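For reference, the structure discussed in these notes is given below.
For clarity, every value in this text was computed on a predicted model and none was experimentally measured.
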Amino acid sequence: MSSRQPFVRRLVIAFTLMTLVVSGLFSFGIFFSVHFVEQHLMSEEMDRKMDSILSDDAPAHSSSRLDVKTRFYSDAGAGLPVATWMMTLTAGFHELERGGEAYYAYVRDEGGQRYLLLQEQQEFEAREQALFQVVAVGFLLSVVAACLLGWLLARKVMAPLVRLAWQVRQEDRLLSHSPPLALHYADDEIGHLAAAFDATLRRLHESLERERLFTGDVSHELRTPLMVIAGSCELLAARPLAEREREQVERIARSVKEMHGLVDTFLMLARNDPKDSAFAADATLEQVVEEQCARWAPQMRAKGLDFQVRYPHGGGCTSKAYNQTLLGAVLGNLLRNACHYTENGGVILTLSAHGFKVEDSGSGIPEAEQVTVFQPFVRGSSARGEGMGLGLSLVKRICASQGWRISVASLPAGGCCFHVSLSSP
């Protein structure tokens, strides 16, 4: 029995097999008992008849001791003459079939003479066949009943487990106000399993809460130094600076702006509450694209890259609104990686009715690394700079929280393509 089959089906199969074996043994026992009793009783009865006939001193009256279905044969002249085929039988009880008729035969050799009783058994055979048919029908009905009863019992036994699995899958199970699962079950194996789920979910909730508090506290504390750095950049930019110095100040200002957006993203993910006003859908895809292109297009062109934005044929993008911070973080990280890892060629941002894709002509990502590239602290073999490998992990986390899908594929001419679908699966 395959362990991959549903547990209910395995219970039904086990119950049916058990009934099949028990009913089969019982039916076989009936068949064997009927056959054994038939031979034993008929052998004793015909042996008594033979004794009665042979003990009669008047052979002429021997026929009076027999019923109409029994005939007596003898080669001693007291009865019907023995046929040739009767001489081939061994002494004792036999079941015969002659001319389409069934008989019981009892043979005795005594004093050099052969005596034989032949009794018709059609009536007994008919009753025996009727009994065997009843047993066979009962066997089949017991197997069918076992299937139905096994299915009903399995469903009843599995009902608490199905209910427990449904309760564990509920999204609000990780919330602090969720009632314990064990309160709904008796103090049995399923109740113990529910208590184990409660303990595990409680530890998981505590771990997530610690992570949420840590992320929130860190993000909140980073706001103050970022504001100081941003204010200092504004003061420096207002003073007369050399071209090289002004470029450095603008670079610091851009980094501060990126860091500020990253802090906002971490804060929103730490809250993890879709009902929070911070998660409001406040921008369309085109608006987010315009914002991110204004931010990254100059850097790509300054690097000598060709940057293109392609809109859908025959119309614009969907008018559906998304959260600007989260969608901007996804698109911004993909554009930054494309700019960072592309030395020649260009970057193409293609919009569609249900999402967008970012293609570059950079070094690309080997197929073996495409599975792990979205994991935290994982950097590909072509990694450069001092990054921590958190950008794509953050993108993957945002997409998972919003129900979006992201995938990566290599391009035939080199480079890679990140595709983001904003529609629900």
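In this structure, I406 and F374 have side chains that are in contact, with non-hydrogen atoms separated by less than 4.5 Å. Within the 4.5 Å cutoff, no side-chain heavy atoms of L161 are placed close to those of R163. The shortest side-chain heavy-atom distance between R71 and E120 falls under the 4.5 Å cut-off. The shortest distance between side-chain heavy atoms of L392 and N333 does not fall below 4.5 Å. Taking 4.5 Å as the limit, some side-chain heavy atom of H192 sits within range of a side-chain heavy atom of D187. In this structure, L164 and P160 have side chains that are not in contact, with every pair of non-hydrogen atoms separated by 4.5 Å or more. Side-chain contact check for H94 versus V107: some heavy-atom pair is nearer than 4.5 Å. Residues L153 and L11 fail the side-chain proximity criterion, which asks for heavy atoms closer than 4.5 Å.
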Steps toward side chain to side chain contact (heavy atoms under 4.5 Å, CB included) verdict (L181, V168): CA-CA 8 Å; L181 295 170; V168 172; 3.8 Å; yes
Please lay out, stage by stage, how E343 and S363 fare under the test side chain to side chain donor-acceptor pair (under 3.5 Å). CA-CA 9 Å; E343 298 298 333; S363 56; over 6 Å; no
Start with the C-alpha gap between S410 and Q370, add the side-chain angles, then the distance that decides, and say whether side chain to side chain contact (heavy atoms under 4.5 Å, CB included) holds. CA-CA 9 Å; S410 298; Q370 292 178 7; 2.8 Å; yes
Between K49 and T70, is a side chain to side chain contact (heavy atoms under 4.5 Å, CB included) present by the stated rule, with each step listed? CA-CA 10 Å; K49 286 185 178 182; T70 306; 3.8 Å; yes
Run F418 and K357 through side chain to side chain contact (heavy atoms under 4.5 Å, CB included) and show every step you take. CA-CA 5 Å; F418 286 88; K357 60 182 180 180; over 6 Å; no
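For the atom pair E286 CD and C293 SG, the distance stands at 11.0 Å (nearest 0.5 Å). Separating the CG atom in L116 from the CE atom in M87 is a distance of 10.0 Å, to the nearest 0.5 Å. Note that the CG atom of L20 and the CD1 atom of I13 stand 12.5 Å from one another [nearest 0.5 Å]. From C339, atom SG reaches atom CH2 of W296 across 6.5 Å, with rounding to the nearest 0.5 Å. The line from CZ of R48 to CG of L117 is 12.5 Å long, rounded to the nearest 0.5 Å. Interatomic distance, NE2 of H40 versus CD of E44, reported as 3.5 Å (0.5 Å rounding).
Judged as a side chain to side chain donor-acceptor pair (under 3.5 Å), and not counting sequence neighbours, E95 has no contacts. Listed by chain and residue number, M300, K303, T342 satisfy the side chain to side chain contact (heavy atoms under 4.5 Å, CB included) test with L305 (two or more places apart in sequence, or in another chain). Among residues two or more places apart in sequence or in another chain, the side chain to side chain contact (heavy atoms under 4.5 Å, CB included) test is passed with R108 by D47, M50, D51, L54, Y106, E110. Residues that satisfy the salt bridge (Lys or Arg N to Asp or Glu O under 4.0 Å) test with D109, not counting sequence neighbours, are R114.
Atom NE2 of H184 is surrounded by more than 12 heavy atoms from other residues, nucleotides or ligands within 6.0 Å. Few gaps surround CE on M18; more than 12 heavy atoms of other groups in view lie less than 6.0 Å from it. Other residues, nucleotides and ligands contribute only 12 or fewer heavy atoms inside 6.0 Å of the CH2 atom of W166.
For D360 (side chain) and I348 (main-chain N/O), no donor-acceptor pair under 3.5 Å exists by modelled atom type. A donor-acceptor contact shorter than 3.5 Å links the side chain of T88 to the backbone of W85. No donor-acceptor distance shorter than 3.5 angstrom exists from the side chain of T350 to the backbone of Y311, with no hydrogens or angles considered.
Scanning both residues, I252 and C233, for their nearest heavy atoms gives CG2-SG, 3.3 Å. In terms of heavy atoms, A194 sits closest to Y185 at CB-CD1, 3.9 Å. Nearest heavy-atom pair across N344 and S361 is O-OG, 2.6 Å. Closest approach of C417 to L411, counting heavy atoms only: CB-CD2, 3.8 Å. Pairing each heavy atom of L285 with each of S352, the nearest pair is CD2-O, 4.3 Å. Pairing each heavy atom of P312 with each of A353, the nearest pair is CG-N, 4.4 Å.
When only modelled atom types and interatomic distance are considered, E45 and Q119 share no side-chain donor-acceptor pair under 3.5 Å.
Taking the ring axis of F197 as reference, the NZ or CZ atom of R202 does not stay both within 45° of it and closer than 6.0 Å to the ring centre.
Between Y73 and Y115, the ring centre distance reaches or exceeds 6.0 Å.
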Residues 243-250 side chain polar contacts: donor-acceptor under 3.5 Å, at least two apart:
| unit_1 | atom_1 | unit_2 | atom_2 | d |
| --- | --- | --- | --- | --- |
| E245 | OE1 | A242 | N | 3.2 |
| R246 | NH1 | A237 | O | 3.3 |
| R246 | NH2 | R239 | O | 3.3 |

Output a table of donor-acceptor pairs, distance under 3.5 Å, between side-chain atoms of residues 136-150 and any protein atom two or more places apart or on a different chain; print 'none' if there are none.
| unit_1 | atom_1 | unit_2 | atom_2 | d |
| --- | --- | --- | --- | --- |
| S142 | OG | S23 | OG | 3.1 |
| S142 | OG | G138 | O | 3.3 |
| S142 | OG | F139 | O | 2.6 |

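Note on ring orientation: taking the six-membered ring where Trp is involved, the planes of Y322 and W404 are perpendicular (angle over 60°, cut-offs 30° and 60°).
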